[in-house]
Amino acid sequence: MASAAPASGWLRGKVKAVPSGDSLLIMGSAKTELPPEKTITLASIIAPKLARRGTEDEPFAWQSREFLRKLCIGKEVTFRVDYTVPTINREFGSVFIGDKNVAYMVVAEGWAKVREAGPQKAEVSPYIAELRRLEEQAKTQGLGRWTKTPGASGESMRDLPPSAIGDPSNFDAMALLATNKGKPMEAFVEHVRDGSTLRVYLLPEFNFVQVFMAGIQSPSMGRRAAVPDVTASSDVVSDEANAEVEVTTSLTTAQRIAASASTAAAAEVPPDPYAREAKHFTELRVLNRDVRIVLEGVDKFSNLIGSVHYPDGDVAKDLALELVENGLAKVVEWSASMMEEDSKRRLKTAELQAKKDRLRIWTNYVPPASNSKAIRDDKFTGKVVEVVSGDCIVVADDAAPYGSPLAERRVNLSSIRSPKMGRKDEKPAPYAREAKEYLRTRLIGKQVYVTMEYSRKVAVTDGPAPSPAPSAVSDLRVMDFGSVFLVSPSKGELEDVAPTMSASNQPEGINVGEMIVARGFGTVIRHRDFEERSNFYDALLAAESRALHGKKGIHSARDPPVMHIQDLSTASAKKTKDFLPFLQRTRRLSAIVDFVLNGHRFKLIIPKETCTIAFSFAGVRCPGRGEQFADEAVAFMRRKILQRDVEVEVETVDRVGTYLGSLWESKTNMAVALLEAGLAKLHPSFSVERTVDGHLLAQAEENARKQRLKVWENYVEGQEATNGSAPDSTSKKEVLKVHVTDVLDGGKFYVQVAGDSRVSSIQQQLSTLALQEKPPVVGFNPNKGDIVLAQFSADGSWNRAMVVNAPRGGGIASPKDQFEVFYIDYGNQEIVPYGKMRPLDASVSSAPGLAKLCSLAYIKVPGLEEDFGHEAGEYFSECTLKTSKELVAMVEERDTSGGKVKGKGTGPVLVVTLVDAEAGSSINAAMLQEGLARLERKKRWDTKERQLALDNLEEHQEKAKQARLNMWQYGDVDSDEEDAPAARKGGRR
C-alpha cells in the first residue's frame, strides 16, 4: 500500500468496497489518482455466501454483507495481513476502525462464524480466542445467523428474480421504463464496469441490470484475452471487483454480446487513456453504495440508460455531470437526446469548460477554428444613450473622457438574436419594433453595468449572429459582445427576471439579455462547440424555455402586430405643409426623439399621429457640420434627448418640409439648455414674441455670451453678434506656438504649447522626488485608467502617465508584470515594467495632460500601413521632431469626433496649419510638394477663407504631380468619388 508500514506490518487505508460479509477492498491513503488497492478477508471467520449463478443466497448472507458495508464503507482503517493462502490467492488479516477490531464486531452481532483452524498452524487469526468467545456469546443471545426465531433463516434469503442469478430472459426493460420513466428508483451498485457503466440491483425487487449513464461515455477499459459472461452472478462480480473490465463501453451492445460469445483467444485490447482513472472515480463515489437512478431510455438490447445520483452529505450529486466536469467522460448525442434539455445543456456546458481547461481526456484537445475572441477584464458602468435594436445598445462609459471614441460604446448583447430592424428601405422583421421599444422604455437614460465577454468578426451584411468567416477580409467588421445589467430595475422587471449575483454575492442587477428573451423578443444562439458565449448562457436558455412555454412574442401563434407609420421626414414640402394643421390641433404633442441630425434638428416619432417628422428648434441654430463645436452640440443633444419621451409644440413648417417649434424633456426647454451650454446662437431675425419661452431663449444666450462659452469664446464686447449658421469669416484664428513631442504618422502628432509654465512646474516637482532611489510602494496595484508616474525608457526621466492596459485586470501586481502606459504630457506610449512605476505623488500637479493631439488641415496623409505612409512619417519627423524647432500652429477647427487616435490623450483633435517660421512656409504645403499627401477635397470647407486656403495649396500638389514624386509616380491616382465635394442633402435654415 502507499502508506508507510511500521515494523509490525500495520498499514492504513480507506475502505472502497465490501464484496461480502467477511471481505473488504481497501485502497491506500496516498493522494494519487490511482492509489494501490488490496482485498483483505477477515482472518478466521466466514460469513454466509451471496447467491451465485443458478443458486440462492445462504441464510443471512445479504444482512451480513449489509452490516459490514454500513460499518466500513468509506471509512479510514488500519489493517495487517496475518496469513496468505496461495492456492486461492487470498490474503487474510485483521482490520481495525480506530481501536475497534472489525472481526470482533461482525462475530459479536452473529453475522459470521469462526472458521476452524487450517492445515497450517499459521493460518489462524492472532485474536482467535476472543473471536470464539464472542461467537459463543452471540449463539447464547440468538443474534444474527444464530437466531432462535422459527422461519427466520428462510425469510432472510432474498427472493431473487431470474435476472439476479444469471437469467435475464424474463426481464422486461421496456415495461420497467414505461412504469418508472423520469422517476427516481432506489438501487444498489454491485459493480462498476467502467466510468460510465454500472451493474446494479434495482430495489426492492433486486433485478440485477446493467445501466449506461445517459448522455456520456467514459474511456474504454479495453478487453482481456478471456471474456467472462456479461450475465455473471453477484459472486462472480465480487471476485472481479478489483480486475480490469473486459469489454469496452465504446462498442455497441450487440458487439458486447458478440464478444461474450467469442472464443477465449480473442485479441486483448488495452484500456484507453484515463480509463482506469474514470473507473476509479466512479467506484469511489458509488461502488457498494445506495444510489438513485432516473431512467431515460432503453436500447434495443434491453440495456437501461439513465442518470445516476448519489448522496454527498445533504446534497444529491449527478455522477455523469461530475465525470464530464473532471474530464473523465465526453458527451454522446445518441443518449443525451433522451434527456431533458436542462440536463443535456449542463453536460455540454461542463464538457466545454473541461475542453477549455484541457482536463485529462482533453489534454491534447485542439479547438476548431472560430471567428470569436474572448475579451478579458473589460467592465464598466454608464448610461444607455441609444437602443439600436432588441439586441444592441449604445452606452456612455462613465470613465471615458467626453469626446473620446470610448465615450459612447456600442454593445451587442451576448448569445442572443432579436428580429432585425432592417436597413434603409427594408421593413423591420416581425416584433423588431416591439423589441426595440421594450428596451427603449426600460433602458434609455438608465444606469447599467456592462461586462464585455467576446468580440467576433462578422460579414458587413450580416447581423450579430455567428457565421463562418467570409473569405474576403474587407467584408468583415469586428463586433463587441457583452452582458448588460440594469442596476436599478423597476418592480415590473423583477417579476420576470431574478437579479444576477456577483462573485461577492451582491446583486449586479437584471440581465437585459434575459429580459428580452423572457418576453419572447429574442432567441438564444446555439453556439458551435468551442465558440465564446455569454457567461450567463444557462440563464438565457432558461428564459427562452419560459417564453416558449408561455408562447410569448415571436413564439406566439398569433399574427404579429402591424404598425403603419407615415414618414414625413422625407416627404415633399407640400405634403408636410398640408399635414401641419393635424400637428397643431393639440397644443403639445407627445413624441419620441428617433434620431439627432445635428444640434438643433431631429427626427421625431409622433405616436398619436402615427408619423415621423423632421423637427428643428425655432430661431435657434448650432454650428454647421465641420465647424467648431458642431460635433459637441450633437453629442450634447444625444445625451439629453435621444430616444427619450418628449413634448413638442409645432409652430410652422419651413420651405424644405422641416417643422419648427419648441421641445421639452422633463419640463426643460431643450433649446434653452443648448443655448446655456454655449453650443448654439439665436437667428438674427429671431423675435422674442414669435415663439414659446422666447424670453428664456434670449436670456440663455446672453448668459452664455457673458461667460464666453463655446461659440462665444472669441466674443469681444461691443462687437456685433453673428447669429448665422456660418461663423464670421473675418474672425481671428487661434494661433499657438508649439513643440512637436511625438509623431504617430505623417499627419497626426502630439504637441506641447511652447512657454507653458505648467511644463516646467511639473518637471521641477518631479525632480525633487528622487524616485529612482525609492522602491515601489507596498500594495501599489495600477489599474487601467489610473494616472501614475513612469520612467521613460529613452532618457530615464520620470513623467506622468495613464495606464492603458494592466496585465492582471485589477488584481495584485507582480514585479514581473508589464504595463502599457501613455505619457499624458508628451504623447509617447510604451511598455513599462512594474519596477519603473510609482503612484502619483500628492505634491505633483493634477492638471490635465499637456499633450495636444493634432492633425494637418486640408490634406490627407497616408497611414503608416499604406503606400508611402512610412516615408510620409519619416519626412514629417525630420521637419518637426528631429529639429526640435518651435513651430506655429494655426487652428483651423477642433474635431471632437476623432477622439483618441493612439494612447489616452483627451480633448478634441486640433486640425492645424503647421508653419515653420524660419523657412517661411507651412509643413502642410511641404508634404504636398514632396508627394507625400494630397488635398482633402471630400470634406466640405464651409467658409470662403478655408476654401481659399485649399485653393492656395493646389499649386504645391500640382508640382508633385508634374514631377511624379512618391505617391504620384504613376500619375494622378485620385478617384472621381474622392475628388468630388460632398453633395448637399436637402435644405437647412
*Asks:* Rounded to the nearest 0.5 Å, how far apart are CE of Met221 and CG of Asp272?
*Replies:*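 That separation rounds to 9.5 Å.
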*Asks:* Measure the shortest side-chain to side-chain distance between Val81 and Thr84 over non-hydrogen atoms and say whether it is less than 4.5 angstrom.
*Replies:*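 Yes. Closest side-chain heavy atoms under 4.5 Å.
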*Asks:* Could you tell me which residues satisfy ring pair (Phe, Tyr, Trp, His ring centres under 6.0 Å) with Trp146, sequence neighbours excluded, listed by chain and number?
*Replies:*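 If we apply the ring pair (Phe, Tyr, Trp, His ring centres under 6.0 Å) test to Trp146, skipping adjacent residues, there are no hits.
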*Asks:* Could you tell me whether the side chain of Arg69 reaches within less than 4.5 Å of the side chain of Asp290, counting heavy atoms only?
*Replies:*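 Asp290 vs Arg69: side chains touch.
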*Asks:* Show the numbers, then the answer: is there a side-chain contact (heavy atoms from CB on, under 4.5 Å) between Val211 and Thr197?
*Replies:* CA-CA 6 Å; Val211 177; Thr197 310; over 6 Å; no
*Asks:* With sequence neighbours excluded, what pairs up with Glu56 under the salt bridge (Lys or Arg N to Asp or Glu O under 4.0 Å) test?
*Replies:*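 Scan of Glu56 (salt bridge (Lys or Arg N to Asp or Glu O under 4.0 Å), adjacent residues dropped) gives none.
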*Asks:* Should Leu198 and Glu190 count as side-chain neighbours, where that means a heavy-atom distance under 4.5 Å?
*Replies:*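 Leu198 does not reach Glu190 side chain to side chain.
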*Asks:* Which residues pass the salt bridge (Lys or Arg N to Asp or Glu O under 4.0 Å) test with Asp342, not counting sequence neighbours?
*Replies:*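 Listed in chain order: Arg345.
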*Asks:* Do you know which two heavy atoms are closest between Pro219 and Ile361, and how far apart they sit?
*Replies:*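 What the structure gives for the nearest pair is CG-CG2, 3.7 Å.
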*Asks:* Restricting to side-chain hydrogen bond (donor to acceptor under 3.5 Å, both in side chains), what partner residues turn up for Asp312, sequence neighbours left out?
*Replies:*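 Here the qualifying residues are Lys317.
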*Asks:* Please determine which of Arg360, Arg276, His280 meets the side chain to side chain donor-acceptor pair (under 3.5 Å) test together with Glu33.
*Replies:*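 Of the listed options, the one satisfying the test is Arg360.
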*Asks:* Do you know the tightest heavy-atom contact between Pro161 and Asn207?
*Replies:*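 Scanning both residues completely, I find the closest heavy atoms to be CG-OD1, 3.3 Å.
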*Asks:* Listed by chain and number, what are the side-chain hydrogen bond (donor to acceptor under 3.5 Å, both in side chains) partners of Ser94, not counting sequence neighbours?
*Replies:*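 Ser94 satisfies side-chain hydrogen bond (donor to acceptor under 3.5 Å, both in side chains) with Asp82 only.
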*Asks:* Between Arg526 and Val524 (side chain of the first, backbone of the second, donor and acceptor by atom type, cut-off under 3.5 Å), is there such a pair?
*Replies:*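 Pair found, side chain donor or acceptor close to backbone of Val524.
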*Asks:* Could you grab the distance from atom CD1 of Ile305 to atom CD of Gln210, nearest 0.5 Å is fine?
*Replies:*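 Here the interatomic distance stands at 11.0 Å.
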*Asks:* Please enumerate all residues that pass side chain to side chain contact (heavy atoms under 4.5 Å, CB included) together with Leu359, with sequence neighbours excluded.
*Replies:*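 For Leu359 the side chain to side chain contact (heavy atoms under 4.5 Å, CB included) partners, ignoring immediate neighbours, are Ala354, Asp357.
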*Asks:* Kindly indicate, with the supporting measurements, whether the criterion ring-ring contact (aromatic ring centres under 6.0 Å, His included) is fulfilled by Trp62 and Phe188.
*Replies:* CA-CA 12 Å; Trp62 179 259; Phe188 177 84; 5.5 Å; yes
*Asks:* Would a distance-only check, ignoring hydrogens and angles, find a side-chain to backbone donor-acceptor pair under 3.5 Å from Asp22 to Ala47?
*Replies:*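 Between the backbone of Ala47 and the side chain of Asp22 there is a qualifying donor-acceptor contact (under 3.5 Å).
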*Asks:* Centre of Phe92's six-membered ring, under 6.0 Å away, within 45 degrees of the axis: is that where NZ or CZ of Arg90 sits?
*Replies:*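 No cation-pi geometry.
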*Asks:* Please enumerate all residues that pass salt bridge (Lys or Arg N to Asp or Glu O under 4.0 Å) together with Glu340, with sequence neighbours excluded.
*Replies:*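 Per chain and number, Glu340 pairs via salt bridge (Lys or Arg N to Asp or Glu O under 4.0 Å) with no residue.
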*Asks:* Report yes or no: do Glu322 and Tyr310 form a side-chain donor-acceptor pair below 3.5 Å?
*Replies:*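 A donor-acceptor contact under 3.5 Å links the two side chains.
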*Asks:* Would you mind listing every side-chain hydrogen bond (donor to acceptor under 3.5 Å, both in side chains) that reaches into residues 104-114, with sequence neighbours excluded?
*Replies:*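 For residues 104-114, and leaving out neighbouring residues, there are no side-chain hydrogen bond (donor to acceptor under 3.5 Å, both in side chains) pairs at all.
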*Asks:* So how far is it from Ser545 OG to Leu540 CG, rounded to the nearest 0.5 Å?
*Replies:*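 These two atoms lie 12.5 Å from each other.
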*Asks:* Are the side chains of Leu323 and Phe281 in contact, using a 4.5 Å heavy-atom criterion?
*Replies:*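 A side-chain contact under 4.5 Å exists here.
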*Asks:* When you compare the side chain of Glu268 with that of Arg223, does any pair of heavy atoms fall below 4.5 Å?
*Replies:*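 Contact flag for Arg223/Glu268 side chains = no.
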*Asks:* Please enumerate all residues that pass side-chain hydrogen bond (donor to acceptor under 3.5 Å, both in side chains) together with Ser335, with sequence neighbours excluded.
*Replies:*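 Counting only residues at least two positions away or on another chain, Ser335 forms no side-chain hydrogen bond (donor to acceptor under 3.5 Å, both in side chains).
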*Asks:* Which residue in the set Lys16, Arg193, Lys14 passes salt bridge (charged side-chain N to carboxylate O under 4.0 Å, His left out) when paired with Glu283?
*Replies:*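 So, applying the salt bridge (charged side-chain N to carboxylate O under 4.0 Å, His left out) to Glu283 and each of Lys16, Arg193, Lys14, only Lys16 qualifies.
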*Asks:* Would Thr41 and Glu91 satisfy side-chain hydrogen bond (donor to acceptor under 3.5 Å, both in side chains), going step by step from the backbone distance to the final call?
*Replies:* CA-CA 6 Å; Thr41 303; Glu91 294 178 313; over 6 Å; no
*Asks:* Do Ile73 and Arg289 come close enough that some side-chain heavy atom pair is under 4.5 Å?
*Replies:*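 Answer yes - side chains close enough.
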*Asks:* Can you list the residues that meet the side chain to side chain contact (heavy atoms under 4.5 Å, CB included) rule with Met185, with sequence neighbours excluded?
*Replies:*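 Scan of Met185 (side chain to side chain contact (heavy atoms under 4.5 Å, CB included), adjacent residues dropped) gives Leu176, Asn180, Leu202, Leu295.
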*Asks:* Can you list everything that forms a side chain to side chain contact (heavy atoms under 4.5 Å, CB included) with Thr149? Sequence neighbours excluded, please.
*Replies:*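 Testing Thr149 for side chain to side chain contact (heavy atoms under 4.5 Å, CB included), a comparison that skips the adjacent residues, returns Thr147, Ala152.
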*Asks:* Under the side-chain contact (heavy atoms from CB on, under 4.5 Å) criterion, do Leu347 and Met339 qualify, and how do the steps go?
*Replies:* CA-CA 10 Å; Leu347 288 178; Met339 306 171 68; 3.7 Å; yes
*Asks:* Decide salt bridge (charged side-chain N to carboxylate O under 4.0 Å, His left out) for Glu130 and Arg133; before the verdict, give the C-alpha distance in whole Å, the side-chain angles of both, and the deciding distance to 0.1 Å.
*Replies:* CA-CA 5 Å; Glu130 180 62 14; Arg133 187 190 71 78; 2.6 Å; yes
*Asks:* Hey, is NZ on Lys181 packed in by over 12 heavy atoms from elsewhere, all under 6.0 Å?
*Replies:*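 Yes, enclosed.
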*Asks:* Let's go through Leu131 and Ile45 carefully: what are the C-alpha distance in whole Å and the side-chain angles of both, what is the deciding distance for side-chain contact (heavy atoms from CB on, under 4.5 Å) to 0.1 Å, and is it a yes or a no?
*Replies:* CA-CA 8 Å; Leu131 288 173; Ile45 70 171; 4.0 Å; yes
*Asks:* Indicate yes or no: at least one non-hydrogen side-chain atom of Arg285 is less than 4.5 angstrom from one of Leu319.
*Replies:*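 A side-chain contact exists here, since the closest heavy-atom pair is under 4.5 Å.
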*Asks:* I need the minimum non-hydrogen distance between Pro35 and Gly28, along with the two atoms involved.
*Replies:*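 In this case the closest contact between Pro35 and Gly28 is CB-O, 3.7 Å.
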*Asks:* Stepwise, does the side-chain contact (heavy atoms from CB on, under 4.5 Å) test hold for Leu68 with Val102?
*Replies:* CA-CA 8 Å; Leu68 186 60; Val102 172; 3.6 Å; yes
*Asks:* What residues, two or more places apart in sequence or in another chain, satisfy side-chain hydrogen bond (donor to acceptor under 3.5 Å, both in side chains) together with Ser156?
*Replies:*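 Testing Ser156 for side-chain hydrogen bond (donor to acceptor under 3.5 Å, both in side chains), a comparison that skips the adjacent residues, returns none.
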*Asks:* Atom OG1 of Thr78 and atom CD1 of Ile97: how far apart are they, to the nearest 0.5 Å?
*Replies:*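 With rounding to 0.5 Å, OG1 (Thr78) is 9.5 Å from CD1 (Ile97).
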*Asks:* Say you draw a straight line from CD of Glu333 to CE of Met338; how long is it, rounded to the nearest 0.5 Å?
*Replies:*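 One gets 11.0 Å once the value is rounded to the nearest 0.5 Å.
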*Asks:* Checking Thr282 side chain against Gly195 main chain: does a donor-acceptor pair fall under 3.5 Å?
*Replies:*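 Checking the backbone N and O of Gly195 against the side chain of Thr282, a donor-acceptor pair under 3.5 Å is found.
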*Asks:* At their closest point, which heavy atom of His309 faces which heavy atom of Asp318, and how far apart are they?
*Replies:*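 Nearest heavy atoms, His309 then Asp318: ND1-CA, 3.8 Å.
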*Asks:* Is a side-chain donor or acceptor of Ser196 paired with a backbone partner of Ser218 at a separation under 3.5 angstrom?
*Replies:*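 Yes, the answer is positive, given that a donor and an acceptor are paired below the 3.5 Å cut-off.
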*Asks:* Indicate yes or no for a side-chain donor-acceptor contact from Lys75 to the backbone of Leu71 under 3.5 Å, with no hydrogens or angles considered.
*Replies:*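 Yes.
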*Asks:* Of all the heavy-atom pairs spanning Leu42 and Ala103, show the shortest one and how long it is.
*Replies:*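 Closest approach of Leu42 to Ala103: CD1-CA, 4.2 Å.
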*Asks:* Flag the pair Ser153 / Phe60 as yes when at least one side-chain heavy-atom distance between them is below 4.5 Å, and no otherwise.
*Replies:*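 Counting from C-beta outward, Ser153 and Phe60 do come under 4.5 Å.
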*Asks:* How long is the straight-line distance from OH of Tyr201 back to CZ of Arg158, given to the nearest 0.5 Å?
*Replies:*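 Those atoms lie 4.5 Å apart.
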*Asks:* For Leu11, does its backbone N or O pair with a side-chain atom of Arg80 as donor and acceptor, under 3.5 Å?
*Replies:*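 Absent.
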